[in-house]
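Written below as structure tokens is the structure these notes are about.
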Amino acid sequence: MINMNADLKEERPPHPRANANFFEILTFGWTLKLFQTGKKRDLEINDLYSTLKEHSSSLLGNELEKKWRIELAKAKESSRHPSLLRALLKMFGAKLMLCGFLLLIIETVLCRIMICCVSNWPSI
């Protein structure tokens, strides 16, 4: 049986991304220590980091509740059914669109670079 008691939380090391610089965040360099530990031995629960504050369930749950209440009010005004998808898009949509746009640019640039490298590759 699993004990789900919140009072028995184990202390975990602080999340390194919280203090990472822009380059480390961009390249996921803050994960290297965890990978090195995993290469030496199997990872244990104590090796995992604590959750970032902005990823805590209470913070995200409260924000989603606010968006849902707004969606309920707007749905009632316009006599339509409320949409959880609409509330989630208001919460995460801008971040997802930004990440998708950046991924599109990166993929396009890398594809062009690879095409240039392959087309200039000497034949054997």
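Residue Asn21 qualifies as enclosed at atom CG: its count of foreign heavy atoms under 6.0 Å is above 12. The local environment of CZ in Arg41 is crowded, with over 12 non-hydrogen atoms from other residues, nucleotides or ligands closer than 6.0 Å.
Taking all atoms of both residues into account, the shortest heavy-atom contact from Leu52 to Arg17 is CD1-NH1, 3.6 Å. When all heavy atoms of Pro14 and Ser50 are compared, the pair lying nearest together is CA-OG, 3.6 Å. Nearest heavy-atom pair, Arg12 versus Ile45, reported as atom, atom and distance to 0.1 Å: NH2-CG2, 3.3 Å. Considering all non-hydrogen atoms of both residues, His81 and Ala75 come closest at C-CB, 4.0 Å. Minimum interatomic distance between Tyr49 and Leu34 (heavy atoms only, all atoms of both residues): OH-CB, 3.5 Å.
In this structure, Trp68 CH2 and Arg86 CZ are separated by 10.0 Å, a value rounded to the nearest 0.5 Å. Here the CD-CD1 distance, from Glu65 to Ile70, works out to 11.0 Å after rounding to the nearest 0.5 Å. The structure places CG of Leu64 at 7.0 Å from CZ of Phe92, a figure rounded to the nearest 0.5 Å. Residue Ile105 holds its CD1 atom at 12.0 Å from CG of Leu110, rounded to the nearest 0.5 Å. Distance CD1/Ile115 to SG/Cys111: 4.0 Å, rounded to 0.5 Å. To the nearest 0.5 Å, the span separating CZ on Phe101 from CG on Leu98 amounts to 8.5 Å.
Remark: the backbone N or O of Leu43 is not paired with any side-chain donor or acceptor of Asp47 at under 3.5 angstrom. Here the side chain of Glu24 pairs no donor or acceptor atom with the backbone of Gly29 at under 3.5 angstrom.
Taking the charged nitrogens against the carboxylate oxygens, Glu63 and Lys90 have no contact shorter than 4.0 Å, which rules out a salt bridge.
Follow the hydrophobic side-chain contacts under 4.5 Å out from Leu48 and you never reach Phe28; the two are in separate clusters.
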Check against side chain to side chain contact (heavy atoms under 4.5 Å, CB included), Ser57 and Leu60 | CA-CA 5 Å; Ser57 60; Leu60 293 172; 5.9 Å; no
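A 4.5 Å side-chain heavy-atom check between Lys33 and Pro16 finds every atom pair outside the cut-off. Contact check for Ser56 versus Leu59: side-chain heavy atoms found under the 4.5 Å cut-off.
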